[in-house]
Amino acid sequence: MTVRTRFAPSPTGYLHIGGVRTALFNWLLAKQAGGQFILRIDDTDAQRNQDEALKPILEGFRWLGMDWDEGPEVGGPHQPYCQSQRLESYQAAVKKLLDAGLAYRDYATAAEMTAEREAAEKSKTDFVYSRTWMAETDQQAAAFEAQQRSYVVRLKMPRAGKCQFKDLVVGDVSVDWATEADHAIQRADGTCLYHLANVVDDAEFEITHVVRGIEHLSNTPRQIFIARGLGYALPQYAHIPYVAEPGSKKKLSKRKIAEYLNNKDFKRLYQSGADVAERIGLETDPATFSPVLVDFYQQIGFVPEAVVNYLLLLGWSLDDKTETFSRQEMLDGFSLNRVVKSAASFDPQKLIAFQSRYFECLPLKRKTKLCKKYLEQANVTANPIDCDHLVKLKSIIEAAGDRISMAGDVLKFDDFFVEDDQLVYDSKAWQKRMVKPEQAGFLIGELYKVLNVEQDFSADALEVAIKGFCESQGIKIGDIIHALRVSVTGKAAGFGMFDTLEILGRDAVLNRIGGSLDRLADQKKSESAV
RNA sequence: GGCCCCUUCGUCUAGUGGUUAGGACACCGGCCUUUCACGCCGGUAACACGGGUUCGAGUCCCGUAGGGGUCACCA
């Protein structure tokens with residue numbers, strides 16, 4: 001039997017990190033068995049949008065490398081894959097259930113239903129619908145209709161016995177049928193509800209394994225009831241725990257995104273993303289730009305493989321050691337019986353660690369390609385970038401090493417690209433390294449003379465020259481290098497000094513040193529005037 | 001509240017009756033060093049609690065507590 005799994009997002013416009021993990025498990029399960037992964041769009045509720053809201057979701061899947069075999073844009077033998085277009089199947093199923101006496105027309109008003117529910121609550125008993133407005137025959141229906149009532153279709157659930165099934169993650173499940181309410185499957189306007197649509201689609205798409213969030217566990221008995229009523233073979237169920245909020249065990253929720261900023265680690269991740277996003281002109285409202293959403297990572301330059309690897313380990317492990325998985329290793333190693341039964345909270349720091357690890361291993365070419373985009377979009381370079389700058393970028397990426405751990409980080413080194421007279425000095429660093437040490441100005445001035453006549457501006461040659469200079473001055477390299485760094489980059493920290501000088505090149509180095517000396521002189525003059 | 005589920009370092013987890021309770025992220029200290037990182041070395045840190053069963057319990061049973069999920073003409 002071919003394994004067929006599915007993921008069924010609602011077109012909300014956002015691809016949620018917890019949802020992606022569920023999708024990943026589905027994808028892995030199908031692909032490792034040579035089966036199919038299907039994307040179905042659950043839009044029974046939606047009048048709205050569709051295409052617009054669907055786009056970021058599909059884009060997210062593509063970015064993550066989780067291709068779907070059937071679904072929107074790729075089609076497939078069971079089209080259409082949007083529930084809004086499958087009404088006929090659902091209505092046929094409802095009719096079948098009605099004919100079999102497994103469902104009925106219910107003429108209760110919303111108020112009457114609520115009243116019964118509240119009464120049950122008050123007397124602290126389980127709510128069991130009285131079926132007062134149930135119509136099983138046309139005469140009964142006619143009588144209710146004479147009262148101007150309209151109907152929904154409800155499941156006529158058993159009120160004795162148990163529903164038992166085996167869940168691949170949870171284990172054996174047993175529920176009293178009596179605790180299951182008569183759920184509505186068709187609205188008054190004739191459209192169908194989720195449970196019905198879900199079961200019909202799963203059967204028609206020949207889904208063999210339903211892997212979904214544990215919040216659906218309690219939906220399973222009624223879905224089994226529907227499936228049996230319709231004569232379908234039951235799929236295997238696997239209910240996986242939800243992904244929890246950072247630092248808590250509550251389910252991660254789209255609606256509470258802004259709240260998560262209270263978590264320190266979450267906020268740090270958000271902030272590092274927002275820093276990049278602002279530079280390239282993206283919206284940074286935490287309600288839509290958030291580490292809970294997949295496109296956040298796409299936008300700030302994460303490596304999709306890193307995100308997938310992190311997600312894989314959120315609630316699943318192969319053994320006591322293995323952390324890094326190639327795509328093939330995931331496919332070989334994944335199994336539902338090693339899914340952890342308790343909820344796992346989302347840990348931004350660990351995700352960042354995976355990202356750093358993955359980015360570091362990328363070949364220079366791919367790093368360059370990823371970083372380039374950010375310089376262009378932030379208008380640090382021309383768009384598209386010119387040849388000189390591209391060469392410079394490569395040198396920067398090499399010299400920066402793991403100081404760049406996501407592509408957007410390249411913007412931290414934008415000082416290499418600014419015009420020499422536009423260089424911005426970090427005021428603290430300037431004060432500490434240039435102004436405060438008495439000798440700094442003098443030494444930098446002397447060094448300028450040496451560099452001015454230095455022919456070879458390679459890092460190696462510069463190292464020799466500058467070390468020689470230090471010896472001649474009777475100072476240690478630490479006595480001048482900090483001032484030099486501030487002088488040419490404006491910053492207190494950065495990568496190797498000699499690499500920095502080489503990348504900047506002769507003209508920029510001399511210009512910048514000259515500029516900083518002028519600035520220093522101006523500052524001293526105005527200070528002594530006061 | 002009813003029903004159901006979960007509970008090992010701060011976090012993700014390994015562990016299927018006998019382990020100095022292992023790994024990873026984070027954190028702390030040291031080394032390296034021209035800064036910041038990296039790297040290397042080292043360290044702190046966990047079986048929710050209470051009863052059983054057993055020669056022996058993180059592992060099995062019962063209870064308690066805590067956390068969570070779910071109870072729609074949402075999905």
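Below, read A as the first sequence line, B as the second, and so on, with proteins coming before strands; counting in each chain starts at 1.
Spacing of C1' atoms, B:U8 relative to B:G15, comes out at 9 Å, to the nearest Å. Taking atom P in both B:G30 and B:C36, the straight-line distance is 13 Å, to the nearest Å. Rounded to a whole angstrom, the distance from the C1' atom of B:C4 to that of B:C40 is 50 Å. Separation of the C1' atoms belonging to B:G23 and B:A45 is 14 Å when rounded to the nearest angstrom. B:G50 and B:G39 are spaced 41 Å apart, taking the P atom of each and rounding to whole Å. B:C32 and B:C27 are spaced 22 Å apart, taking the P atom of each and rounding to whole Å.
The A:A188 side chain lies nearest to B:C73 when the options are B:A75, B:C73, B:C6. Side chain of A:Y194, nearest nucleotide from B:C25, B:A14, B:A75: B:A75. Among the nucleotides B:A14, B:A75, B:C12, the one closest to the side chain of A:L314 is B:C12. Ranking B:C6, B:C4, B:U11 by closeness to the A:K341 side chain, first place goes to B:C6. Taking only side-chain atoms of A:D42, from C-beta outward, the nucleotide of B:U11, B:C6, B:A75 with the closest atom is B:A75. The side chain of A:R338 has B:A14 as its nearest neighbour among B:A14, B:C6, B:G22. Which of B:G10, B:U7, B:A37 sits closest to the side chain of A:R403 comes down to B:A37. Distance from the side chain of A:D347 is smallest for B:U11 among the nucleotides B:C4, B:A14, B:U11. Nearest to the side-chain atoms of A:E323 among the listed nucleotides B:G22, B:A24, B:C25 stands B:A24.
As a whole-Å value, the separation of A:L351 CG from B:A24 P is 19 Å. Summarising the geometry, the separation between NZ on A:K267 and P on B:A26 is reported as 21 Å, rounded to the nearest angstrom. When the C1' atom of B:U13 is taken as reference, atom CG of A:L311 falls 16 Å away, rounded to whole Å. One can place CD of A:Q83 at 8 Å from P of B:A75, the figure rounded to the nearest angstrom. Rounded to an integer number of Å, the gap from CG of A:N198 to P of B:C74 is 15 Å.
Take the nearest nucleotide of RNA chain B for A:A400 and for A:S150: the residue whose nucleotide is more 5' is A:A400. Both A:Q349 and A:A492 sit near RNA chain B, but only A:Q349 has its closest nucleotide nearer the 5' end.
In terms of phosphate contacts, A:S405 brings no side-chain nitrogen or oxygen within less than 4.0 Å of OP1 or OP2 of B:A37. Within the 4.0 Å cut-off from OP1 or OP2 of B:A72, not a single side-chain nitrogen or oxygen of A:R154 is found.
In this structure, A:R40 reaches neither bases nor backbone, as no heavy-atom distance under 4.0 Å exists between it and the strands shown. Contact annotation for A:G315: backbone-only contact, meaning every heavy-atom pair under 4.0 Å involves sugar-phosphate atoms and none involves a base. When heavy atoms are screened at a 4.0 angstrom cut-off, A:F495 is found touching base atoms of the nucleic acid. Residue-level contact check: A:G494 touches the bases, meaning some heavy atom is under 4.0 Å from a base atom. Among the protein residues, A:F498 comes within range of the nucleic acid bases, having at least one heavy atom under 4.0 Å from a base atom. The residue A:V340 sits close only to the backbone: its heavy atoms come under 4.0 Å of sugar-phosphate atoms, none of a base. Within 4.0 Å (heavy atoms only), A:T179 reaches no atom of the nucleic acid at all.
Looking at residues 475-485 of chain A, you'll see A:I477, A:I481, A:H482, A:R485 sit with a heavy atom under 4.0 Å from some atom of RNA chain B.
Checked against a 6.0 Å centroid threshold, the rings of A:Y104 and A:Y151 do not count as neighbours.
The partner of B:G42, taking Watson-Crick or G-U wobble pairs whose two distances both stay under 3.5 Å, is B:C28. Pair check for B:C36 finds none; no Watson-Crick or G-U wobble contact set falls under 3.5 Å. Of all nucleotides present, none satisfies the Watson-Crick or G-U wobble test against B:A21 with each distance under 3.5 Å. Here B:C3 sits opposite B:G69 as a Watson-Crick or G-U wobble pair (both hydrogen-bonding atom distances under 3.5 Å). Pair check for B:C74 finds none; no Watson-Crick or G-U wobble contact set falls under 3.5 Å. The partner of B:C60 is B:G52, judged by Watson-Crick or G-U wobble contacts that both fall below 3.5 Å.
When A:W316, A:F354, A:Y310, A:Y358 are each tested for a ring-ring contact (aromatic ring centres under 6.0 Å, His included) with A:F325, only one passes: A:W316. Screening A:R222, A:R131, A:R105 against A:D182 for a salt bridge (charged side-chain N to carboxylate O under 4.0 Å, His left out) leaves a single residue, A:R131.
Taking CG from A:L15 and CD1 from A:I57, the interatomic distance works out to 6.0 Å, rounded to the nearest 0.5 Å. To the nearest 0.5 angstrom, A:N262 atom CG is 11.0 Å from A:K256 atom NZ.
Ring geometry, A:F127 versus A:Y129: the interplanar angle falls from 30° to 60°, so the pair is classed tilted.
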From CA spacing to verdict: salt bridge (Lys or Arg N to Asp or Glu O under 4.0 Å), A:E259, A:K250: CA-CA 12 Å; A:E259 245 177 66; A:K250 288 199 184 102; over 6 Å; no
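Taking 3.5 Å as the limit, the base of B:A24 and the side chain of A:K350 contain a donor-acceptor pair of atoms between them.
Of all heavy-atom pairs spanning A:C192 and A:R187, the tightest one is O-NH1, 3.5 Å.
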Base-contact (B) and sugar-phosphate-only (S) positions in nucleotides 57-71 of chain B, heavy-atom cut-off under 4.0 Å, - elsewhere: ----------SSSS-
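Taking the side chain as every heavy atom from C-beta outward, A:F266 and A:V292 approach each other to under 4.5 Å. At a threshold of 4.5 Å between non-hydrogen side-chain atoms, the residues A:L318 and A:E329 do not count as touching. Between A:M406 and A:F359, every side-chain heavy-atom pair lies at or beyond the 4.5 Å cut-off. Under the 4.5 Å side-chain criterion, counting only non-hydrogen atoms from C-beta, A:V486 is in contact with A:Y425.
In this structure, B:C62 shows a glycosidic angle more than 90 degrees from zero, which is the anti conformation.
Sparse packing is recorded around NZ of A:K95, with 12 or fewer heavy atoms of other residues, nucleotides or ligands lying under 6.0 Å away.
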